[in-house]
Amino acid sequence: MNLFHLRYGTRALLALAWLPALLAGCGGGTLDPVLGAPAVATFVTPTLSDTTRPTVVLTVPATGAANVATNTAVTVTFSKAMNPATLTSTSFTLTDTTLGTPVAGSVSYAAAARTATFKPGAGVLAANDQFTATVTTAATDLAGNALAGNAAVVPNAGNQVWRFGTGAAADLVAPTVTAVSPADASTSACLGSAVSVTFSKPMDPATLNSTTFGVTAGGVAVPGSVSYDAPTRVATFVPTATAGFAASTTFTATVKSGSAGVADLAGNPLASDRVWRFTTGTQACLAPVDLRSAASFGAFGGAAGVTNQGIATVIGGNVGSTAACTLITGLHDATNVYSQTPLNIGAVNGSINCAPPAPGTSATMAIATQALADAQSAYNALAALPRGSDPGAGQLGGLVLAPGVYTAAGGTFAVTSGDLTLDAQGNANAVWVFQSAAALTVGLTATPRHVLLVNGAQARNVYWQVGSAARIEDGSAMVGTVIAPAGVTISTAGQTQQTTLTGRALGLTASVTMVNTTIVAP
């Protein structure tokens, strides 16, 4: 809960007529009856509790993998930060299903990578056997939400279960570094640059820290933190200083090798140190836009509601609208059902927030109202950024784009002639902003298109500021936060292809409508 104090002087007494209604709707308060003294009103506003269950975004080995090295560790990466105390050899287990026996081992959790690792006690797994890995619902996030694994019927909790088979040999191949950012010998790096390194193989997150991966200037270590993104195999060093690196300075980045350095999941260390240098300029980097409370929403339908058709829709995140709850249709969360029919069933792996009548309340309306205000602020911030280039004259299909701001000269962007690739060039903090004064279209009828992330690109750092409406066609795969005043339409009624959005669909005025859609708020 957030506590606010509003102070009014004697000149503001005429404005106090609205306070009783405000206080009644916000949990009550007190008003100083002494008119000659400052009047103080105290009230409490609700905050959005975290009810979104964690999911699994990556397992190594992958489901169904064959000929897996016998000396591998087994890892699982989550969508959210987890409670380390709930990830143990009881909640994360491995079974040799060929022999029908459990595998003894130890479990660790790397918070900076959101990854739990199971290491077999004997150091190796039996050759040419089948194995089943399980993470149970005893694993929870920091808010206490139990895991929604692949065995879950969303929005309920469920285990994550996957199987793989070993081969006959161990993995003895050392990992290598395939890309670095900023590039070696580069100049004029922006001050907020993250220093990133991409590996050839899945790495042991426990070996990636500020001891094994660091940056120095003139031989003096730069304070910073290290994280590892398992899906992209990118480790990132971020300086502690708020302003980033010092301007006009040459830095040396080092990833250490050997027994005291970084290693892959089979325990193979980097063969030799990877060392490179870069020089900063004087400019700040393009930074992510703060979505505030809107960040927790997978779909927000302005003042017009959110509608689902089809039975395969799953929204990872919250859903909201400042409209009455009667305009939320075809959806359910863990507590309430919103106008579902046998043909229109959508699961929300979070909470639904809307206006009365029930199940809407003044509290859920306050949450939705704040989220809308935060989404509008983010939209304004995106629109205010200096205009960028339009390399495809509005057509983004077939392009490979580096981080930056891109502005549709003609007012519309489309990803229809091919797929769009966003290349982070090894920088896990790279940001893309797409500004279109009118519309955005992804895919065509019967021709799905995809927005692809490569070399460390993150969906959470992609933004689409759309002046009117956005549409994502059947079967397409979209990434990023789409904010559009006239709403977002995802897929077409009656189709059964799954359409995916790894990001958010935020309508400022109009609704969000979807058909058999998967949304994952990054």
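Source: prediction; values computed, not measured. Values reported hereafter were calculated over all heavy atoms of this structure, with side chains retained and with hydrogens, waters and symmetry mates removed.
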Task: Spatial distance of atom CG (Asn159) from atom OG1 (Thr137) [nearest 0.5 Å] - done: 5.5 Å
TODO: Please collect all side-chain hydrogen bond (donor to acceptor under 3.5 Å, both in side chains) contacts where either partner lies in residues 300-317, sequence neighbours excluded, each pair once.
DONE: Thr307-Thr329, Asn308-Thr313
Task: Heavy-atom closest contact (Ile328 atom, Tyr338 atom, distance) - done: O-CB, 3.2 Å
- [ ] Taking all non-hydrogen atoms of both residues into account, name the closest pair between Pro239 and Ser193 and its distance.
- [x] CD-O, 4.0 Å
- [ ] Scan side-chain atoms only and decide if Asn83 and Thr86 contain a donor-acceptor pair under the 3.5 Å cut-off.
- [x] no
- [ ] Please check if the side chain of Thr509 supplies one atom and the backbone of Gly302 the other of a donor-acceptor pair under 3.5 Å.
- [x] no
- [ ] Kindly indicate whether the side chain of Leu147, heavy atoms from C-beta on, has any atom under 4.5 Å from the side chain of Thr136.
- [x] no
- [ ] Output all residues satisfying side chain to side chain contact (heavy atoms under 4.5 Å, CB included) with Ser389, sequence neighbours left out; order by chain, then residue number.
- [x] Pro391, Tyr406
Open item on the list: Between Phe92 and Val74, does the side chain to side chain contact (heavy atoms under 4.5 Å, CB included) criterion hold? Intermediate values first, please.
Closed with: CA-CA 10 Å; Phe92 185 1; Val74 180; 4.2 Å; yes
Open item on the list: Strictly by salt bridge (charged side-chain N to carboxylate O under 4.0 Å, His left out), give each pair with a member in residues 471-483 just once, sequence neighbours left out.
Closed with: Arg471-Glu473
Open item on the list: Restricting to side chain to side chain contact (heavy atoms under 4.5 Å, CB included), what partner residues turn up for Thr132, sequence neighbours left out?
Closed with: Thr97, Thr134, Val161, Arg163
Task: Heavy-atom donor-acceptor pair, Gln160 side chain to Asn150 backbone, under 3.5 Å - done: yes
- [ ] Can you see which heavy atom on Thr232 is nearest to which on Ala457, and at what distance?
- [x] CG2-O, 4.3 Å
Open item on the list: Checking the side chain of Thr140 only, and the main-chain atoms of Ala146 only, is there a donor and an acceptor separated by less than 3.5 Å?
Closed with: no
Open item on the list: With heavy-atom distances below 4.5 Å as the criterion, would you say the side chains of Thr499 and Met514 are in contact?
Closed with: no
Open item on the list: Under a plain distance cut-off of 3.5 Å, with no hydrogens placed, do Asn318 and Ser351 share a side-chain donor-acceptor pair?
Closed with: yes
Open item on the list: To check you understand the geometry: which heavy-atom pair defines the closest contact between Val57 and Pro231, and what is its length?
Closed with: CG2-CG, 4.5 Å
Task: Nearest atoms (heavy-atom pairs only) where Ala430 meets Ala424 - done: CB-CB, 4.0 Å
Task: Gap separating the CG atom of Asp229 from the CZ atom of Arg114, nearest 0.5 angstrom - done: 7.0 Å
Would you tabulate the side-chain donor-acceptor contacts of residues 408-420 under 3.5 Å, counting partners in other chains and residues two or more places apart, or write 'none'?
residue	atom	partner	partner atom	Å
Thr416	OG1	Gln395	NE2	2.8
Ser417	OG	Gln395	OE1	3.3
Ser417	OG	Gly397	O	3.3
Asp419	OD1	His450	N	2.8
Asp419	OD1	His450	ND1	3.4

TODO: First locate atom CG of Asn353, then atom CG of Asp333, and finally report the distance between them rounded to the nearest 0.5 Å.
DONE: 8.5 Å
Open item on the list: I'd like to know if the side chain of Tyr109 and the backbone of Leu87 have a donor-acceptor N/O pair within less than 3.5 Å.
Closed with: no
Open item on the list: I need the single residue from Ile519, Val515, Thr513 that forms a side-chain contact (heavy atoms from CB on, under 4.5 Å) with Ile490. Which is it?
Closed with: Ile519
Task: Atom pair OG1/CZ of Thr55 and Phe78 - distance to nearest 0.5 Å - done: 9.5 Å
Open item on the list: Strictly by disulfide bond (SG atoms under 2.5 Å apart), give each pair with a member in residues 306-342 just once, sequence neighbours left out.
Closed with: Cys325-Cys354
Task: Side chains of Val135 and Val56 in contact at under 4.5 Å (non-hydrogen atoms) - done: no
Task: Under the salt bridge (charged side-chain N to carboxylate O under 4.0 Å, His left out) test, residues paired with Asp374 that sit two or more places apart - done: none
- [ ] Heavy atoms only: give me the nearest Leu501-Gly480 pair and the separation to one decimal.
- [x] CD1-O, 3.6 Å
Task: Donor-acceptor contact present, side-chain Thr88 to main-chain Thr90, <3.5 Å - done: yes
Task: Side-chain donor/acceptor of Lys80 to backbone N/O of Thr52, under 3.5 Å - done: yes
- [ ] Report the C-alpha separation of Leu396 and Leu401 in whole Å, then their side-chain angles, then the decisive distance to 0.1 Å, and conclude whether the side chain to side chain contact (heavy atoms under 4.5 Å, CB included) test is met.
- [x] CA-CA 9 Å; Leu396 300 174; Leu401 297 181; 4.2 Å; yes
Task: CG on Asn380 to CD on Gln465, rounded to 0.5 Å - done: 9.0 Å
Open item on the list: For Ala312, give me all partners under side chain to side chain contact (heavy atoms under 4.5 Å, CB included), at least two apart in sequence or on another chain.
Closed with: Gln498, Asn516
- [ ] Take atom CD1 of Ile311 as the centre, draw a 6.0 Å sphere, and report whether it contains more than 12 heavy atoms from other residues, nucleotides or ligands.
- [x] no
Task: Contact check, side chains of Pro288 and Asn461, non-hydrogen atoms, under 4.5 Å - done: yes
- [ ] Check the pair Leu453 / Trp432 against side chain to side chain contact (heavy atoms under 4.5 Å, CB included), numbers first and verdict last.
- [x] CA-CA 11 Å; Leu453 304 176; Trp432 290 260; 5.6 Å; no
- [ ] Sequence neighbours left out, what passes side chain to side chain contact (heavy atoms under 4.5 Å, CB included) with Asp290? Give chain and number order.
- [x] Arg292
TODO: Start with the C-alpha gap between Ser491 and Thr517, add the side-chain angles, then the distance that decides, and say whether side chain to side chain donor-acceptor pair (under 3.5 Å) holds.
DONE: CA-CA 8 Å; Ser491 198; Thr517 297; 5.4 Å; no
TODO: Report yes if the side chains of Met82 and Val76 come closer than 4.5 Å at any heavy-atom pair, otherwise no.
DONE: no
Open item on the list: Are the side chains of Thr492 and Thr445 in contact, using a 4.5 Å heavy-atom criterion?
Closed with: no
Open item on the list: Between Ser321 (side chain only) and Gly305 (backbone N and O only), is there a donor and an acceptor less than 3.5 Å apart?
Closed with: yes
Task: Test log, rule side chain to side chain donor-acceptor pair (under 3.5 Å), inputs Thr115 and Thr77 - done: CA-CA 4 Å; Thr115 298; Thr77 301; 2.8 Å; yes
TODO: Please collect all ring pair (Phe, Tyr, Trp, His ring centres under 6.0 Å) contacts where either partner lies in residues 462-506, sequence neighbours excluded, each pair once.
DONE: Phe434-Trp464
Task: Gap between atom CZ of Phe297 and atom CG of Leu372 - 0.5 Å precision - done: 10.0 Å
TODO: Using side-chain hydrogen bond (donor to acceptor under 3.5 Å, both in side chains) as the criterion, list what pairs up with Thr407, not counting sequence neighbours.
DONE: Gln435
TODO: Sort and list the pairs that fulfil side-chain hydrogen bond (donor to acceptor under 3.5 Å, both in side chains) and have at least one residue in residues 233-244, not counting sequence neighbours.
DONE: Ser196-Thr236
Task: pair Asn145-Pro54: side-chain heavy atoms closer than 4.5 Å - done: yes
Open item on the list: For a 4.5 angstrom cut-off between non-hydrogen side-chain atoms, does Pro205 reach Thr117?
Closed with: yes
Task: Expected output: side-chain Arg504 to main-chain Pro522 donor-acceptor under 3.5 Å - done: yes
